[in-house]
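First listed ligand is number 1; within each ligand, the first listed atom is number 1. No experiment lies behind these values; they were computed from the predicted model shown.
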Amino acid sequence: MNVVITGGLGVLGLECARAFLQTGAQVVLADIKENIDLLQPLFLEHEPRLKFIQCDVKRHDDCSRLVHLSESFFKGAIQVYLVNAGTPFAGEFLTATQEQIQNVLDVNVLGSIYCAQTAIPSLLQNPKSHLIFTCSLQSTMARANRSIYTTSKHAIAGLVKSLSLEFARKGLRVNGIAPAAIETPFLFSAFEATQMTKEEGLKIAAESLPLGRIPTAQEFAQTALFLTSTGASSITGQLISLDAGASAGVFPRQAL
Ligand SMILES: NC(=O)c1ccc[n+]([C@@H]2O[C@H](COP(=O)([O-])OP(=O)(O)OC[C@H]3O[C@@H](n4cnc5c(N)ncnc54)[C@H](O)[C@@H]3O)[C@@H](O)[C@H]2O)c1
C-alpha cells in the first residue's frame with residue numbers, strides 16, 4: 001500500500017505512519033516542520049519504505065509537489081491519503097484576530113481542499129483507494145470558545161460527505177475520523193489558552209467523557225487502518241467518532 005500522511009511529524013501522523021509501516025506499506029510523511037530527528041526511530045526500522053517531504057498544505061503548489069514526489073518515491077500512484085495536518089485555536093470569538101482566523105481557515109479548510117484536489121487524480125489510478133480526513137468532535141458538535149476551529153472542522157465534514165458522493169463510482173472511499181481529545185501538543189495548546197496545566201486539563205477532559213478516559217493515538221491509527229481494510233468496504237462518507245461516547249448525547253455525571 002502507498003500511503004501519504006500530512007501533519008506527519010505530529011503525534012497522530014507519526015502513530016499512523018508506524019501502524020501502516022508495520023503492515024508493509026510504503027509511507028510518505030509530509031509536514032510544514034522539518035524536524036526529521038523525530039523520524040530517526042522509524043527510519044532505523046523502515047528506511048527504504050519511508051520518506052519525509054516538507055510541505056505547507058496552505059500552498060496549492062506545495063500540495064501538488066507532494067503528490068508528484070510521492071508518486072516518484074512509490075514508483076506508482078497513491079492508494080491511501082490521510083489529510084491530517086491541522087492547527088488549533090481556542091479563544092473567544094470576539095477577540096480572535098483577523099490573522100488567527102485566516103490561519104485556521106487556511107490550514108484546516110483550504111489545506112484540506114488543496115490536499116484532496118491534488119491527490120485525487122493519483123488515488124483514482126487505483127481501482128480501490130482511500131481518502132481519510134482527520135476531523136474532530138468539533139466536526140459535528142459545537143463548543144464555546146472554539147468557534148473558529150469548530151467552523152473549520154465542520155467544513156471538513158462537508159468535504160468528506162460531498163467527495164464521497166462525487167467519487168463513489170470511481171472506487172475512492174472518503175471518510176473522516178473524529179476524535180474528541182487525544183494527548184498531543186495540539187490538545188495542550190487548548191489547555192494553555194485556558195491557563196490549565198497539562199495534568200488538570202487531561203483530568204478534566206477524561207472526566208467529561210462518558211467512558212471516563214480520552215482516546216489514544218494508537219486507537220486513532222488503528223481506526224485509520226480499519227478504514228482501509230476490506231471489512232470497511234461499504235463505509236464511505238462517514239465520520240467515525242473516536243470520542244469515548246461524547247457525541248452520543250448529554251452525559252450528566254450526576255443523574256438529574
Ligand atoms: N489532539 C487532539 O486532541 C485532536 C482532537 C481532534 C482532532 N485533532 C486533529 O488531529 C490532527 C493532528 O493533530 P495532532 O493531535 O497530531 O497534533 P500535532 O500538533 O502533534 O500535529 C499537527 C501537525 O500538523 C502540522 N501542520 C500544521 N500546519 C501545517 C501546514 N500548514 N502544513 C503542513 N503541516 C502542518 C504540524 O507541524 C504538526 O506536526 C489535526 O488535524 C487536529 O485538528 C486532534
Side-chain angles (χ1 to χ4, degrees), residues 4-19 28-39 52-66 81-90 100 102-116 118 132-141 143 146 148-157 159-160 176-193 196 198 201-202 204-206 208-209 213-221 223-224 239-244 246-247:
V4 175
I5 301 171
T6 67
L9 295 183
V11 173
L12 299 187
L14 282 169
E15 201 53 48
C16 288
R18 202 168 284 122
V28 167
L29 288 177
D31 205 290
I32 193 169
K33 290 190 294 212
E34 284 182 285
N35 182 12
I36 59 167
D37 291 350
L38 286 171
L39 291 179
F52 174 77
I53 296 171
Q54 203 262 339
C55 168
D56 179 355
V57 299
K58 297 193 294 298
R59 297 185 45 165
H60 197 280
D61 56 345
D62 256 24
C63 296
S64 290
R65 186 176 142 271
L66 171 63
Y81 194 110
L82 177 55
V83 183
N84 172 66
T87 199
F89 180 67
Q100 287 169 325
Q102 189 76 55
N103 186 50
V104 174
L105 297 182
D106 280 353
V107 177
N108 296 357
V109 182
L110 291 182
S112 297
I113 292 172
Y114 294 161
C115 287
T118 52
I132 302 172
F133 291 84
T134 301
C135 296
S136 166
L137 178 60
Q138 263 85 73
S139 291
T140 55
M141 295 183 75
R143 184 169 177 165
R146 299 277 198 288
I148 314 297
Y149 178 74
T150 299
T151 301
S152 73
K153 287 292 180 178
H154 266 63
I156 302 176
L159 196 57
V160 168
I177 306 175
I182 300 183
E183 194 173 335
T184 77
F186 201 94
L187 181 64
F188 302 149
S189 69
F191 298 161
E192 276 160 28
M196 259 190 282
K198 256 188 214 179
L202 287 170
I204 290 171
S208 71
L209 297 174
R213 63 169 188 86
I214 62 173
T216 65
Q218 290 77 13
E219 289 172 325
F220 181 91
T223 306
L239 264 54
I240 309 296
S241 293
L242 204 68
D243 65 5
S247 57

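- Close approach of ligand 1 to Ala85 (heavy-atom distance below 4.0 Å) involves ligand atoms 24 (O), 33 (C), 34 (N), 35 (C), 41 (O).
- Regarding atom 32 (N) of ligand 1, its nearest protein heavy-atom neighbour is Val57 N, 3.0 Å.
- At the shortest separation from atom 31 (N) of ligand 1 among protein heavy atoms lies Asp56 OD1, 2.9 Å.
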Test side chain to side chain contact (heavy atoms under 4.5 Å, CB included) on Ile32 and Gln54 and set out the steps.
-> CA-CA 6 Å; Ile32 193 169; Gln54 203 262 339; 4.3 Å; yes

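- For atom 16 (O) of ligand 1, the closest non-hydrogen atom on the protein side is Leu12 N, 3.0 Å.
- Nearest approach of Ile156 to Ser112, heavy atoms of both residues: CD1-OG, 3.6 Å.
- The CG atom of Asp243 lies 11.0 Å from the OG atom of Ser139; values are rounded to the nearest 0.5 Å.
- Between Ile32 and ligand 1, a contact under 3.5 Å exists for at least one N or O pair.
- Judged purely by atom type and a 3.5 angstrom limit, Asp106 has no side-chain atom pairing as donor or acceptor with the backbone of Lys58.
- Which parts of ligand 1 touch Leu187 is read off a 4.0 Å heavy-atom cut-off, strictly below it: atoms 3 (O).
- Note that CG of Leu9 is 4.5 Å distant from CZ of Phe52, once rounded to the nearest 0.5 Å.
- Using a 4.0 Å cut-off to heavy atoms of Lys153, the atoms of ligand 1 that qualify are 41 (O), 42 (C), 43 (O).
- Between Asn84 and Gly7, the shortest heavy-atom distance links the atoms ND2-O, 3.4 Å.
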Assess whether side chain to side chain contact (heavy atoms under 4.5 Å, CB included) is satisfied between Thr134 and Phe220, documenting all intermediate values.
-> CA-CA 9 Å; Thr134 301; Phe220 181 91; 3.4 Å; yes

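- On a distance-only criterion, Thr134 and ligand 1 share no N/O pair closer than 3.5 Å.
- Ranking protein heavy atoms by distance to atom 6 (C) of ligand 1, first place goes to Pro179 O, 3.4 Å.
- Residue contacts with ligand 1, taken as heavy atom pairs separated by less than 4.0 Å, do not involve Ala178 at all.
- Heavy-atom minimum distance, Ala224 versus Ile132: O-CD1, 3.9 Å.
- For a threshold of 3.5 Å applied to N or O pairs, the pair formed by Pro185 and ligand 1 contains no separation below that value.
- Across all non-hydrogen atoms, the minimal contact from Val104 to Pro88 is CG2-O, 4.3 Å.
- Residue Asn84 has at least one nitrogen or oxygen atom sitting less than 3.5 Å from a nitrogen or oxygen atom of ligand 1, judged on distance alone.
- Counting protein heavy atoms only, atom 1 (N) of ligand 1 is closest to Thr184 OG1, 2.9 Å.
- Protein heavy atom at the shortest distance from atom 38 (C) of ligand 1 is Asp31 OD2, 3.6 Å.
- Among all protein heavy atoms, the one lying closest to atom 20 (O) of ligand 1 is Val11 N, 3.0 Å.
- Considering only non-hydrogen atoms, atom 27 (C) of ligand 1 lies nearest to Gly86 out of Ala181, Gly86, Pro88, Gly7.
- Set against the non-hydrogen atoms of Cys55, the atoms of ligand 1 under 4.0 Å away are 32 (N), 33 (C).
- Between Gly10 and ligand 1, at least one pair of N/O atoms sits closer than 3.5 Å.
- Panel note: side chain Ser241, backbone Ala178; no donor-acceptor pair is recorded below 3.5 Å.
- Of the inter-residue distances, the one linking Leu12 atom CG with Leu82 atom CG reads 8.5 Å to the nearest 0.5 angstrom.
- With a 4.0 Å heavy-atom cut-off, ligand 1 is reached by the side chain of Tyr149 but not by its N, CA, C or O.
- Residue Cys135 places a heavy atom under 4.0 Å from ligand 1.
- Around atom 3 (O) of ligand 1, the closest heavy atom drawn from Val83, Ile182, Ile156 belongs to Ile182.
- Among all non-hydrogen protein atoms, the one lying nearest atom 42 (C) of ligand 1 is Phe186 CZ, 3.2 Å.
- When atom types are taken as modelled, the side chain of Arg65 and the backbone of Cys55 share no donor-acceptor pair closer than 3.5 angstrom.
- The distance from ligand 1 to the heavy atoms of Leu9 drops below 4.0 Å at these ligand atoms: 39 (O).
- Remark: distances from the non-hydrogen atoms of Ala180 to ligand 1 include one below 4.0 Å.
- Surrounding CD of Gln100 are more than 12 heavy atoms belonging to other residues, nucleotides or ligands, all under 6.0 Å away.
- Within the 4.5 Å cutoff, the side chain of Tyr149 has no heavy atoms near those of the Thr87 side chain.
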